[in-house]
There are 2 protein chains.
Amino acid sequence: MTDERRKFKREPAEARKEALILATLELVAENGVRGATVRGIAQRADVTQGLIRHYFSSKEELIIAAYEHHMNQMTDLTFAPGAAAGSARARLRAFVDGSLTPPVVDPRALALWASFLNKVQNDPQMKETHERTYAYFRDRLEVLIAAALEEAGRPAPAARLRQLAIACNAVIDGLWLEGGALPDAFAPGELVEIGRHSVAAITGLDLMQEAGT
Amino acid sequence: MTDERRKFKREPAEARKEALILATLELVAENGVRGATVRGIAQRADVTQGLIRHYFSSKEELIIAAYEHHMNQMTDLTFAPGAAAGSARARLRAFVDGSLTPPVVDPRALALWASFLNKVQNDPQMKETHERTYAYFRDRLEVLIAAALEEAGRPAPAARLRQLAIACNAVIDGLWLEGGALPDAFAPGELVEIGRHSVAAITGLDLMQEAGT
DNA sequence: GGAGAAATTATACACTTGCATAATTACGCG
DNA sequence: CGCGTAATTATGCAAGTGTATAATTTCTCC
């Protein structure tokens, strides 16, 4: 007798957990946190609903795990590209480019952000993850701007650096938001071009020329 | 016999509808669209749940009515302040100020935006309302920028105007978002100052001096 | 190959949800 | 005043929710 029709297959714990988390993110993006039901998640991950309880002690815990997974992925996607670049100006440009290109700019990413917002504001653990990630982004951007200004021979005081970082972060966030909300409203590369121009105008740096070592 | 303990009071239809819509917006902001239950809305509006069916044929219809009410209010709040101002530069500055001051910048407004996003992307009617409002904002901003540039003796071609409007809209949206997400992270007036500086830097216009006729 | 343990499924339960329908109540109008 | 109509409440229902627990199945190890 062949076991070809065995009723299920055992999987390594980490793989199953990740599959459940990915299914959760899909459904949260499509239907919001409350719309991502335990049964729906199980179906999307090709398991029965009972299994979720075996890996996560509650739906709440699964949601939190999914949120942290998503935030880590977004961070990696944003900072991976420019890590190796040479000049501060080139790294700043790489940061802008990475933040305004798929898969960071993406309807699904925006939907996830919006869906999680409510829970982020209420749940202390998720709030902590959110604020940490946000501070990480903005601090890193501020350091990049400071280095690029220094490099250009025009260092700026801390108070001004803070304002520049807030402004550049805002324009990037705004473009990210609009690119995700209206994917067809912008030509390929248009967001990057506008983002570069805007950051350049705000900081007074030249981000347009390609050579950057 | 005094009727002091009569079990309910009749209200004009419009007043009751608005009360239900306001209660809906409260709950949507707090718990998301799915978290805003018919029973919760009725309780918040001090009626029993059956009454909702009397004024709205379904929860869906109530949600759509609430969304349109909210969008209209946001539009009014943004454009009312600067309508009467004199020079184009002053009107542009009033637009920036209005967009970056409470009650436009507000955690509740951000929560509503995020909560509605999912439904906006799926429901055609809500999508239409959203895109119309968004286009109205950006077109109006583009017209303001065009007039201010003209006024300053530096008219710009259409393609550049489009990019300037997208960029300015993005920085305003981004600051609006961050002000709503982290209300305590910014000093009063700080967002307006950063917003003015950023729009000024992007467009090359001077928005800082106060006199504006 | 077969026992033991862990992964997975199957089933059940109490609760909430939106909606429908019947029963009351208030209030204008003769 | 009292009658009728519409606003409002009261009650019920079928479907969906998260979670708990029992029943199976797979796989490892000897």
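Here is how names work: the chains are called A, B, and so on, in the same order as the sequence lines, proteins then strands, and each is numbered from 1. In this text the structure is predicted, and so the values were computed from the model without any measurement.
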**Student:** Grab the CZ-C1' distance between A/F56 and C/dA7 for me, whole Å please.
**Tutor:**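 My rounded result for the distance is 15 Å.
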**Student:** Say whether, by atom type as modelled, one donor and one acceptor occur between the side chain of A/R53 and the main chain of A/S58 under 3.5 angstrom.
**Tutor:**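 Between the backbone of A/S58 and the side chain of A/R53 there is no qualifying donor-acceptor contact (under 3.5 Å).
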**Student:** Rounded to whole angstrom units, what separation is found between the CZ atom of B/R34 and the P atom of D/dG18?
**Tutor:**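 Interatomic distance, CZ of B/R34 to P of D/dG18: 11 Å.
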**Student:** D/dG18 C1' sits how many Å from A/I52 CD1, rounded?
**Tutor:**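 To the nearest whole Å, that distance equals 10 Å.
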**Student:** The side chain of A/L51 is closest to which nucleotide in this list: C/dA26, C/dC19, C/dT9?
**Tutor:**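 Of the candidates, C/dT9 comes closest.
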**Student:** List the steps, then state whether side-chain contact (heavy atoms from CB on, under 4.5 Å) holds for B/L110 with B/W176.
**Tutor:** CA-CA 8 Å; B/L110 176 62; B/W176 170 83; 3.8 Å; yes
**Student:** Compare side-chain N and O positions of A/H54 against OP1 and OP2 of C/dA7 and report whether any pair is under 4.0 Å apart.
**Tutor:**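 Looking at the OP1 and OP2 atoms of C/dA7, one of them is under 4.0 Å from a side-chain N or O of A/H54.
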**Student:** Is a donor on one side and an acceptor on the other found under 3.5 Å between the side chain of A/H130 and the backbone of A/M126?
**Tutor:**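 Such a contact is absent between A/H130 side chain and A/M126 backbone.
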**Student:** In whole Å, I'd like the distance from the NZ atom of A/K17 to the C1' atom of C/dT8.
**Tutor:**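 It works out to 16 Å between those atoms.
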**Student:** Of all the choices, C/dC19, C/dT9, D/dT26, which nucleotide is nearest to the side chain of A/V47 once you look at every atom?
**Tutor:**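 So the nucleotide nearest the side chain must be C/dT9.
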**Student:** Want to settle it: does B/G35 or A/D46 sit nearer the 5' end of DNA chain C, counting the closest nucleotide to each?
**Tutor:**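 Checking each residue's closest nucleotide, the 5'-ward one belongs to A/D46.
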**Student:** Ignoring backbone atoms, test whether B/R6 places a side-chain nitrogen or oxygen under 4.0 Å from the OP1 or OP2 oxygen of D/dT8.
**Tutor:**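 No, B/R6 has no side-chain N/O under 4.0 Å of OP1/OP2 on D/dT8.
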**Student:** Does C/dG18 have OP1 or OP2 under 4.0 Å away from a side-chain N or O of B/K59?
**Tutor:**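 Result: yes.
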**Student:** Are A/E128 and A/R132 ion-paired here, with the side-chain N under 4.0 Å from a carboxylate O?
**Tutor:**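 Result for this pair is yes, salt bridge flagged.
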**Student:** Assign B/R53 to base, sugar-phosphate, or nothing according to its heavy-atom contacts below 4.0 angstrom with the strands shown.
**Tutor:**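 Sugar-phosphate, backbone atoms only, no base.
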**Student:** I want to check a possible cation-pi pair here: A/R140 against A/F95, using under 6.0 Å from ring centre and within 45° of the ring axis as the test.
**Tutor:**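 No, a cation-pi geometry is absent between A/R140 and A/F95.
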**Student:** To the nearest Å, give me how far apart CD (B/E60) and C1' (C/dG18) are.
**Tutor:**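 So the CD-C1' distance, B/E60 to C/dG18, works out to 12 Å.
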**Student:** What's the CZ-P distance between B/R10 and C/dC29, to the nearest Å?
**Tutor:**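 Computing the B/R10:CZ to C/dC29:P distance gives 12 Å.
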**Student:** If you check every side-chain atom of A/V38, which of C/dA7, C/dC27, D/dG18 has the closest atom?
**Tutor:**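 Closest nucleotide to the A/V38 side chain: D/dG18.
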**Student:** What is the nucleic acid contact for A/Q49, judged by heavy atoms within less than 4.0 Å: base, sugar-phosphate only, or nothing?
**Tutor:**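 If one applies the 4.0 Å heavy-atom cut-off, A/Q49 turns out to touch a base.
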**Student:** On DNA chain C, does the nearest nucleotide to B/F8 precede the nearest nucleotide to B/T37 from the 5' side, or the other way round? Give the residue.
**Tutor:**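 Nearest nucleotide further toward 5': that of B/T37.
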**Student:** Output the single nucleotide from C/dC27, C/dA10, C/dA7 whose closest atom is nearest the side chain of A/Y55.
**Tutor:**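 In terms of side-chain proximity for A/Y55, the closest of C/dC27, C/dA10, C/dA7 is C/dA7.
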**Student:** Of all the heavy-atom pairs spanning A/M74 and A/A109, show the shortest one and how long it is.
**Tutor:**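 For A/M74 versus A/A109, the nearest heavy atoms are CE-CB, 4.0 Å.
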**Student:** In this structure, how many angstroms lie between the P atom of D/dG16 and the CG atom of A/N31, rounded?
**Tutor:**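 Nearest whole value for this atom pair: 14 Å.
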**Student:** Less than 3.5 Å between a donor and an acceptor, one on the side chain of A/R39 and one on the base of D/dG16, is that the case here?
**Tutor:**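 There is none.
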**Student:** Could you check how far CD of B/E61 sits from P of C/dG18, rounded to whole Å?
**Tutor:**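 B/E61 atom CD is separated from C/dG18 atom P by 15 Å.
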**Student:** Between the side-chain atoms of B/R16 and the base atoms of D/dA7, is any donor-acceptor pair under 3.5 Å?
**Tutor:**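 Absent.
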**Student:** Does B/K7 put a side-chain nitrogen or oxygen below 4.0 Å from OP1 or OP2 of C/dT25?
**Tutor:**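 Checking B/K7 against C/dT25: at least one side-chain N or O falls below 4.0 Å of OP1 or OP2.
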